[in-house]
Each structure stands twice: as structure tokens, then as C-alpha cells.
Amino acid sequence: MTRALSLLALLAATPAVAASKNPFSLEFYKLSNTDFIVTLAFLLFIGVLVYFKVPSLVAGLLDKRAAGIQAELDEARALREEAESVLAEFESKQREVGDHSERIIAAAKESAEEAAEQARKNLALAIERRIQAAQDQIASAEQRAVKQVREEAVKIAVSAAAQVIAEGMSADRAGELIDEAIATVEAKLQ
């Protein structure tokens, strides 16, 4: 330890020589100048890099990486274009489906309107047929009633004639009764 102390004392006693930082002075090129040593080491390092062709290797690696990035960009661009074309196709199909559905709705409305109109016509025809059937039934009932009235008039006339004959009436009186029966029948027929 005494030796280390004596070495420190010796260094402290020697005047400090300040190394020049000016590369144009002779003091700069001494081995005691750390700036000079660092500069020499840096130049030697650069020389070794150039000797082993490290810049061309780095450039090659950078070129490969750039080519890979360019390939990825091209692939991404192609995928984007494909996605845009698929999107355009889907939008086109969506418009077609929308148009088709509108045509279907319009056709359904038109068909419903036609069906409603046909139902109205059918209803009108059914009502007209029922009215006609009712009128036919009324006419038939009228004919039956007229027939019954005639039959009843005939019965009354026969009964009156039988009564006239039975009572032995005079011919004038019998004619009057027959005329009354005929008038009654005519009144009932009207």
C-alpha cells in the first residue's frame, strides 16, 4: 500500500500536461492524448467494418427488409382492391335484392288489389243472383197464390151454383149469384 501512495504522490508532483484538443497542433498526436487514441480506435473500427464488408451486408439486409416490406405493401394493396371489389359486388347485390323486393311488394299489392276487385265483382254477382232468386221465389209465390185464389173461386162458384140449383131459384137470381161470384173472383185475382 505504501507503493500505491508513493505512486499517487509522484503523479501529483508531476506538472499536468494538458492535451491539446486542436488536431492541427503536435500535442494532439501524442499517445498520451486520449482524444487522439479515441480517434485512432474509431478509424480502426471503421476500417475493420469496411474490410469485412459490413456496410454491404447491412445494405443487403436493409434491401431484403425493404423488399419484404414492399411485398407486404403490394399484398395489402391487392387485398384492399379485392375487398373493395367484393364490397362493390355486395353493394350491387344488395341493390338488386332491394329492387327485387320492391318489385315483389308492388306485384303483391297489385295482386291484392286485383283480388279485392274480383271479390267485389263476385259479391255483386252473388247479391244479384240472390235478388234474382228472391224475385223468382216471389213470382212463384204470386203464381201459387193466384192459382189458389182461382181454385178457391172455382170452389165458391161451384158451391154457389150448387146452392142455386138446390134452392131452385129463379134464373134471374141464379144469374145474379154467378155474376157476384165472378166479380168476387176477379176482385181476388187483382
Side-chain angles (χ1 to χ4, degrees), residues 49 52-190:
L49 290 178
F52 287 111
K53 299 179 184 175
V54 171
S56 63
L57 290 174
V58 169
L61 289 174
L62 288 175
D63 287 343
K64 280 184 184 178
R65 181 67 181 141
I69 290 171
Q70 186 62 40
E72 289 176 3
L73 286 173
D74 292 341
E75 183 180 350
R77 189 173 296 116
L79 287 174
R80 180 175 182 217
E81 290 171 357
E82 182 180 343
E84 287 175 349
S85 69
V86 168
L87 176 64
E89 182 179 333
F90 280 127
E91 287 175 346
S92 171
K93 285 183 180 180
Q94 183 181 12
R95 282 191 298 273
E96 289 175 11
V97 167
D99 293 343
H100 185 66
S101 65
E102 287 176 6
R103 286 192 301 269
I104 288 173
I105 290 170
K109 285 181 180 178
E110 184 178 322
S111 176
E113 289 173 2
E114 289 174 2
E117 184 62 31
Q118 186 62 37
R120 282 188 214 107
K121 287 179 182 177
N122 291 343
L123 181 62
L125 286 174
I127 290 171
E128 188 176 319
R129 275 188 248 135
R130 288 196 179 183
I131 289 172
Q132 184 62 40
Q135 288 175 346
D136 290 346
Q137 286 178 352
I138 291 170
S140 175
E142 283 178 358
Q143 288 174 357
R144 279 195 311 261
V146 167
K147 185 178 177 185
Q148 286 176 354
V149 168
R150 282 184 184 164
E151 288 174 359
E152 193 63 35
V154 168
K155 285 180 186 176
I156 292 172
V158 168
S159 145
Q163 191 178 18
V164 166
I165 292 173
E167 291 178 3
M169 288 192 154
S170 68
D172 288 336
R173 177 74 183 135
E176 285 178 17
L177 286 175
I178 291 174
D179 287 340
E180 284 178 18
I182 290 172
T184 305
V185 169
E186 284 180 0
K188 287 187 179 181
L189 289 177
Q190 292 176 356

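Because the structure is a prediction, the values reported are computed rather than measured. Residue numbers count from 1 along this sequence.
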Let me confirm one number: the [atom1]-[atom2] distance from [X] to [Y], rounded to the nearest 0.5 Å.
{"X": "Glu151", "Y": "Ile156", "atom1": "CD", "atom2": "CD1", "result": "12.0 Å"}
{"X": "Leu125", "Y": "Arg120", "atom1": "CG", "atom2": "CZ", "result": "14.0 Å"}
{"X": "Asp179", "Y": "Thr184", "atom1": "CG", "atom2": "OG1", "result": "10.5 Å"}
{"X": "Gln135", "Y": "Gln137", "atom1": "CD", "atom2": "CD", "result": "11.0 Å"}

Just distance, no hydrogens or angles: give the donor-acceptor pairs under 3.5 Å from side chains in residues 58-71, sequence neighbours left out.
residue	atom	partner	partner atom	Å
Gln70	NE2	Asp74	OD1	3.0

>> As a quick check of understanding, evaluate side chain to side chain contact (heavy atoms under 4.5 Å, CB included) for Glu82 and Leu79, giving each step before the final call.
In response: CA-CA 5 Å; Glu82 182 180 343; Leu79 287 174; 4.2 Å; yes
What do you reckon, is [atom1] of [X] surrounded by more than 12 foreign heavy atoms closer than 6.0 Å?
{"X": "Glu117", "atom1": "CD", "answer": "yes"}
{"X": "Glu75", "atom1": "CD", "answer": "no"}
{"X": "Gln118", "atom1": "CD", "answer": "yes"}

> Looking at residues at least two apart in the chain, or sitting in another chain, which of them share a salt bridge (charged side-chain N to carboxylate O under 4.0 Å, His left out) with Arg129?
Replying inline: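 Checked Arg129 against salt bridge (charged side-chain N to carboxylate O under 4.0 Å, His left out); zero matches.
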> Can you check whether Gln148 reaches Glu152 side chain to side chain, under 4.5 Å on heavy atoms?
Replying inline: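 A side-chain contact is absent here, since even the closest heavy-atom pair is not under 4.5 Å.
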> Distance-only, no hydrogens or angles: does the Ser140 side chain make a donor-acceptor pair with backbone N or O of Asp136 under 3.5 Å?
Replying inline: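 Looks like no, no N/O pair under 3.5 Å.
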> Between Ser92 and Ala88, is there a donor-acceptor pair closer than 3.5 Å when you use the side chain of the first and the backbone of the second?
Replying inline: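 No: the side chain of Ser92 does not pair with the backbone of Ala88.
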>> Looking at Lys93 and Glu89, is there a salt bridge between them, counting it only when a charged N and a carboxylate O are closer than 4.0 Å?
In response: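 The answer is yes: the pair qualifies as a salt bridge.
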> Can Glu84 and Arg80 be counted as an ion pair, charged N to O under 4.0 angstrom?
Replying inline: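 Salt bridge present between Glu84 and Arg80.
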> Please walk me through it: do Arg95 and Glu91 pass side chain to side chain contact (heavy atoms under 4.5 Å, CB included)?
Replying inline: CA-CA 6 Å; Arg95 282 191 298 273; Glu91 287 175 346; 3.9 Å; yes
